[in-house]
Amino acid sequence: MQVTTPVVAVHYAEIALKGRNRHVFQRRLRNNLLTALRGEPVESIHHVESRFLVRLVDPARADDAARKLSRVFGVAWLSAAASVRRGGDADSGERAIAAHLDNVQAIAAQLAARDVGTAGSFRIETRRSDRSFPLPSPEISRLVGRAVGQTIGLPVDLSAPDFTVHVLVLHGETLVFTQRVPGPGGLPAGSGGRVLALLSGGIDSPVAAWLLMRRGCRCDFIHFYAGRAPDEADAAKIERLVSILRGWAPTSLHLYLAPSFPYETRAIGTIDEAHDMVLFRRYMVKVAERHAKRTSSQALVTGDSLGQVASQTIYNLGAIGPDVTLPVFRPLIGMDKHEIAARARAIGTFEVSIEPYRDCCSIRSPHPVLRGRAREVLEMSERMDMAAAVEEAVHAVVRVVVAEPGAG
Ligand code: ATP
Ligand code: MG
């Protein structure tokens, strides 16, 4: 039988909508795919008819390669496939086509036998990207279905099959695969600018950061710790969260640790308990904004969800930073807690997020005002010399580089 090669077919969705910049996005995606495959022997990667075909040297690595690629932003779905080659135009005679179909049938039957599991029915789904291929899709499905049916001994069910064998006819080759692995969607890393995410150690903020990463942003992180010095900060948990997110990024991630004490020393005796939380929130956003400008981030990201806790009422969110000039993205604002938790599980951060942690927010008063007012917040900021607190914090920020991906 003709030799088949292992291929991962990587399909992207949204990039296809980009007009003149499309090739820029495609190039980024290609680079990110290769980065994700570092360590895997890749024979070639080509853009073929709205998808990337990654040819691997070793068929045994196809599933691992597919798993790695399924974490690359910009990927809609992918499949580890067998590629059955066709000859050139000279080879498009009837005999050559019949021989090619024989090979496709044999490979399809082989893959079906391997992957059918306990399915009770099957179908063949054929797409003909090469419109010049002489046989129409239903005819190809029928022929391949016959061979597969003989091998696995199951009935065809066109409307609700348990198992599908996909046949994709391209110019010069036909791909056969049995699984479509969903990718994360979004846009390729590096295409969306740079953001600074406020990371608390809870469930929400890693999800918020991930959503911006998925839109192509390079994401830095800032965490405010309790205690006098960074080494007193219980930063191990925060670093683990960032290392899980590193598994979704093509490069090292930067985590900045900022102290909360410049705020605390000035707030004691000046800020009443009811306003402490709102003022502390303001402090965090102001420090993050200054730091973002120093490190070329163009926006802040927080894990706020409207009404989830008292500090996240619409009034308080509005009162915290009326003078903040960088955009503050709150991608979870309309999501319920259970949706956020489900997303955290899928990303891999949930289990670490729920570990106990001494967050500097947990030492604040549990009964903050619900209707903070911007004017009052600004007056209180003046009174406690928030500007000096921010200045002190910005200079005390330290950086941790998270180079390696970690497990949850
Ligand atoms: P999570 O902590 O996962 O965000 P939460 O409901 O506990 O969930 P809050 O503590 O109310 O959230 O904080 C709201 C947002 O403020 C967080 O999502 C995060 O972006 C930011 N934040 C809170 N605490 C810190 C912190 N110690 N360092 C950095 N950012 C923080
Ligand atoms: Mg929190």
Side-chain angles (χ1 to χ4, degrees), residues 195-212 219-227 230 232-235 237-242 244-245 254-264 276-292 297 299-314 316-317 320-321 324 326-345 347 349-368 370 372 390 393-394 396-398 400:
V195 296
L196 179 64
L198 285 84
L199 192 66
S200 70
I203 296 168
D204 307 330
S205 41
V207 176
W210 185 89
L211 286 169
L212 267 294
C219 194
D220 292 341
F221 301 86
I222 188 165
H223 173 71
F224 291 82
Y225 59 87
E232 274 179 47
D234 181 10
K237 172 178 174 171
I238 307 301
E239 280 178 43
R240 279 168 65 209
L241 285 172
V242 177
I244 293 167
L245 294 170
H254 294 172
L255 164 64
Y256 296 96
L257 298 172
S260 54
F261 67 81
Y263 168 83
E264 274 140 18
D276 179 44
M277 183 66 101
V278 176
L279 267 288
F280 185 65
R281 280 288 142 82
R282 172 172 171 75
Y283 165 77
M284 287 197 294
V285 170
K286 294 293 280 184
V287 173
E289 183 188 35
R290 278 282 301 279
H291 186 71
S297 272
L300 304 178
V301 185
T302 78
D304 295 308
S305 158
L306 190 61
Q308 189 192 76
V309 288
S311 58
Q312 293 170 28
T313 63
I314 204 163
N316 286 344
L317 289 175
I320 285 166
V324 170
L326 280 187
V328 181
F329 295 143
R330 297 183 168 94
L332 312 184
I333 199 72
M335 283 168 77
D336 286 354
K337 193 80 196 182
H338 72 269
E339 291 174 81
I340 301 169
R343 191 45 81 79
R345 283 198 177 86
I347 296 168
T349 49
F350 184 82
E351 295 302 328
V352 176
S353 285
I354 59 174
E355 288 174 10
Y357 180 64
R358 193 170 58 92
D359 183 49
C360 51
C361 283
S362 59
I363 56 176
R364 318 241 85 81
S365 156
H367 302 297
L370 299 180
V390 171
V394 166
V397 167
V398 295
V400 180

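Remember, it's 1-based here, ligands and their atoms both numbered in the order they're listed. This is a predicted model, so every value here is computed, not measured.
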Determine, using heavy atoms of Ile222 and all atoms of ligand 1, whether some pair is separated by less than 4.0 Å.
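Judged by the 4.0 Å heavy-atom criterion, Ile222 does count as contacting ligand 1.
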Identified side-chain contact (heavy atoms from CB on, under 4.5 Å) counterpart of Gln312 within the set Ile320, Asp304, Thr302:
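Of Ile320, Asp304, Thr302, side-chain contact (heavy atoms from CB on, under 4.5 Å) with Gln312 is met by Asp304 alone.
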Any N or O of [X] closer than 3.5 Å to N or O of ligand 1:
| X | result |
| --- | --- |
| Thr302 | no |
| Pro206 | no |
| Phe224 | yes |
| Gly303 | yes |
| Leu198 | yes |
| Ile203 | yes |

All side chain to side chain contact (heavy atoms under 4.5 Å, CB included) counterparts of Ser353, not counting sequence neighbours:
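Here the qualifying residues are Ile203, Pro206, Leu241, Thr349.
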Does Glu239 have any side chain to side chain contact (heavy atoms under 4.5 Å, CB included) partners at least two apart in sequence or in another chain, and if so, which?
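Partners of Glu239 under the side chain to side chain contact (heavy atoms under 4.5 Å, CB included) test: Ala235, Leu255, Val400.
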Are the side chains of Tyr225 and Ser260 in contact, using a 4.5 Å heavy-atom criterion?
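They are not in side-chain contact.
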For His223 and Tyr357, take the angle between the two ring planes, folded into 0 to 90°, and tell me which bin it lands in: parallel under 30, tilted 30 to 60, perpendicular over 60.
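Rings of His223 and Tyr357: tilted, as their planes differ by 30° to 60°.
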Aromatic rings Tyr256 and His291: how do their planes relate, parallel, tilted or perpendicular, breaks at 30° and 60°?
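Answer is perpendicular, since the angle exceeds 60°.
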Enumerate the atoms of ligand 1 whose separation from the nearest heavy atom of [X] is less than 4.0 angstrom.
| X | answer |
| --- | --- |
| Gly202 | 1 (P), 2 (O), 3 (O) |
| Asp304 | 14 (C), 15 (C), 18 (O) |
| Gln312 | 9 (P), 11 (O), 12 (O), 13 (O), 14 (C) |
| Gln308 | 5 (P), 6 (O) |

Enter the distance from Lys337:NZ to Asp204:CG here, rounded to the nearest 0.5 Å.
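Separation between the atoms: 3.5 Å.
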So does Ile314 have more than 12 non-hydrogen atoms from other groups sitting under 6.0 Å from CD1?
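Atom CD1 in Ile314 is not packed in, count stays at 12 or less.
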